[in-house]
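See below for the structure under consideration.
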Amino acid sequence: MQRRSLVKILLATPFVSSLFKSAAVFANWNIEAFTKTSEKEALESFFPDREILESDAISIDVHDLIENGAVVPVKIKTELNAVSGISLLVERNPNPLIAHFDLSPECRPFVATRIKIGVPSDIIAVVESEGKLYSRRKFVEVVEGGCG
Amino acid sequence: MASGIRIRTSHRQGVTTVRAIIKHPMDTGYERDPETGFAIPMYYIEELVCRHNDKVIMRCDWSRAVSKNPYLSFQFDGAVPGDMVSISWRDSKGLRESARIAIK
């Protein structure tokens, strides 16, 4: 009983309840998809039963020849409409799913980040537009791998 | 730790560009400590949330293959100078950090 009332007091304090609020936002990390070891399995796990069409309307801005695979700048842009998500995969990394970005309607269809690439590989961008999935891939050569 | 999140914004023709660098080791689990020879356990940011004022405008799910001291840039509409942009992350040990700045 004492413990329960302590929880009630804690939840009533603004600081602790704001922690719980942020916990609710942080709840979606898809451990299964992120630990898959092939591109196909990762895509099937992250986008179950979804068709993915290839599209030239996506651009993957990355150097063709990577000196240092530990820090590879990548920019994804697209002309597709109503983009609600951008995902980034590296086919031959130990776990191909690298990052996913959920975009609200206010966001422009663009993200830039830096990733690690272990060996020469295709980079795959998957874009969700008007509820459908589109992808594009680009091969990059890697001189020194960046997975440690 | 003082804030390990550096956020910069620029605002042009109604579009706000956010650029952030976050201090984090993003350990893959494959590397060894050069002094002890022991493997460094994997340790990385899993989730990151960006807000415009109080509204979530972007969420990121990351793996350990995002580079050390992650860089993130994105763009959004509908903000005016003086509005707030915030970034919060949670890593694989459950640690969290947030930072916010006013759009210039």
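Because the structure is a prediction, the values reported are computed rather than measured. Every chain is numbered from 1, with letters handed out A, B, ... down the list of sequences.
Grouping the Ile, Leu, Val, Met, Phe, Trp and Tyr side chains by contacts below 4.5 angstrom, directly or via other members, places A/Ile86 with A/Val62. Cluster membership check: A/Val119 does not share its hydrophobic cluster with A/Val72, using side-chain heavy-atom separations under 4.5 Å among Ile, Leu, Val, Met, Phe, Trp and Tyr. A continuous path of ILVMFWY side-chain contacts below 4.5 Å connects A/Ile60 to A/Ile52, so both sit in one hydrophobic cluster. Hydrophobic clustering, with ILVMFWY side chains joined whenever heavy atoms are under 4.5 angstrom apart, keeps B/Val80 apart from B/Ile103. A continuous path of ILVMFWY side-chain contacts below 4.5 Å connects A/Ile124 to A/Val140, so both sit in one hydrophobic cluster.
Among all heavy-atom pairs drawn from A/Pro94 and B/Tyr30, the shortest one is CB-OH, 3.2 Å. Taking both residues in full, the closest heavy atoms of A/Asn93 and B/Ala65 are given as ND2-CB, 3.9 Å, listed atom of the first, atom of the second, then distance. Nearest heavy-atom pair, B/Val66 versus A/Ile98, reported as atom, atom and distance to 0.1 Å: CG2-O, 4.0 Å. In terms of heavy atoms, A/Lys116 sits closest to B/Lys68 at CE-N, 3.9 Å. Considering every non-hydrogen atom in both A/Ala70 and B/Ser67, the closest pair reads O-OG, 2.8 Å.
Atoms CG and CG, on A/Asp102 and B/Asp61 in that order, are 6.5 Å from each other to the nearest 0.5 Å. Summarising the geometry, atom CD belonging to A/Glu106 is positioned 7.0 Å from atom CD1 belonging to B/Ile57; distances are rounded to the nearest 0.5 Å. In this structure, the separation between CG on A/Leu88 and SG on B/Cys60 is 11.5 Å, given to the nearest 0.5 Å.
Not a single donor-acceptor pair under 3.5 Å links the side chain of A/Ser104 to the backbone N or O of B/Met58.
Proximity to chain A is limited to the backbone of B/Leu48, based on heavy atoms less than 4.5 angstrom apart. Looking at B/Val18, neither its backbone nor its side chain comes within 4.5 Å of chain A, counting heavy atoms on both sides. For a residue to count as touching a neighbouring chain, one of its non-hydrogen atoms must lie under 4.5 Å from one of that chain's; by this rule B/Arg64 touches chain A with backbone and side chain alike. For A/Val90, no part sits under 4.5 Å from any heavy atom of chain B, backbone or side chain. The parts of A/Leu103 that come within reach of chain B are both its backbone and its side chain, each placing non-hydrogen atoms under 4.5 angstrom from that chain. Contacts between A/Phe34 and chain B at a heavy-atom distance below 4.5 Å involve the side chain alone, from C-beta outward.
Your options are B/Cys50, B/Ser63, B/Ala20, and the one with the most heavy-atom pairs under 4.5 Å with chain A is B/Ser63. Contact count versus chain B (heavy atoms, under 4.5 Å) is highest, among A/Gly85, A/Ser87, A/Ala99, for A/Ala99.
The aromatic rings of A/Trp29 and B/Tyr44 are tilted relative to each other, their planes meeting at an angle between 30° and 60°.
Between B/Trp62 and A/Phe101 there is a side-chain heavy-atom pair separated by less than 4.5 Å. Side-chain contact check for A/His100 versus B/Arg59: every heavy-atom pair is 4.5 Å or farther apart.
The environment of CD1 in A/Ile31 is sparse: at most 12 heavy-atom neighbours from other residues, nucleotides or ligands sit within 6.0 Å.
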